[in-house]
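Here is the structure we will look at, set down as structure tokens.
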Amino acid sequence: MRVLIDMNRCESYGQCVYAAGAVFAFRGRESLEYDRVPPGHTWADVRRAASACPVGAIRLGEAPEDGVCR
Ligand code: SF4
């Protein structure tokens with residue numbers, strides 16, 4: 001799984017942090033950080049986070065075969 005957040009849409013509501021705290025976290029008040037290729041055991045939570053995002057900013061896709069995001 002590969003995760004991409006459209007930061008032009010993100011309003012820092014934090015629903016993703018509540019749903020998948022192992023993958024999404026705030027640094028400071030509004031700076032969202034996240035694991036772009038999260039481990040398999042977090043995928044259910046990441047899908048919940050994507051569903052919970054009120055502005056639909058979280059996009060999920062396939063991870064590249066070599067595991068390296070470009
Ligand atoms: S739930 Fe959506 S809007 Fe809220 S911080 Fe996460 S990505 Fe941004």
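The first residue in the sequence is number 1, and the count goes up from there. What you are looking at is a predicted structure, and each value in this text was computed from that prediction instead of being measured. In listed order, ligands and their atoms are each counted from 1.
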Kindly indicate whether the side chain of Leu32, heavy atoms from C-beta on, has any atom under 4.5 Å from the side chain of Met7.
-> yes
Taking only non-hydrogen atoms of Gly14 and a 4.0 Å limit, the atoms of ligand 1 in range are 4 (Fe), 5 (S)
Measure the shortest side-chain to side-chain distance between Val3 and Asp35 over non-hydrogen atoms and say whether it is less than 4.5 angstrom.
-> no
Is there a donor-acceptor pair closer than 3.5 Å between any side-chain N or O of Arg9 and the backbone N or O of Val55?
-> yes
Relative to the heavy atoms of Val55, which atoms of ligand 1 are at a distance of less than 4.0 Å?
-> 3 (S)
Any idea which protein heavy atom is nearest atom 1 (S) of ligand 1, and the distance to it?
-> Cys16 N, 3.3 Å
protein heavy-atom neighbour closest to atom 3 (S) of ligand 1 works out as Glu11 N, 3.4 Å
Using a 4.0 Å heavy-atom threshold (strictly under), name the region of Ile58 that reaches ligand 1: side chain, backbone, both or neither.
-> side chain
For the atom pair SG (Cys16) and CZ (Phe26), what is the distance rounded to the nearest 0.5 Å?
-> 6.0 Å
Nearest neighbour in protein (non-hydrogen) for atom 2 (Fe) of ligand 1 = Cys53 SG, 2.3 Å
Side-chain touch Met1/Arg47, heavy atoms, less than 4.5 angstrom | yes
Hey, is there an N, O or S on Cys10 sitting under 2.8 Å from atom 8 (Fe) of ligand 1?
-> yes
So do Phe24 and Ile58 actually touch side chain to side chain, heavy atoms under 4.5 Å?
-> yes
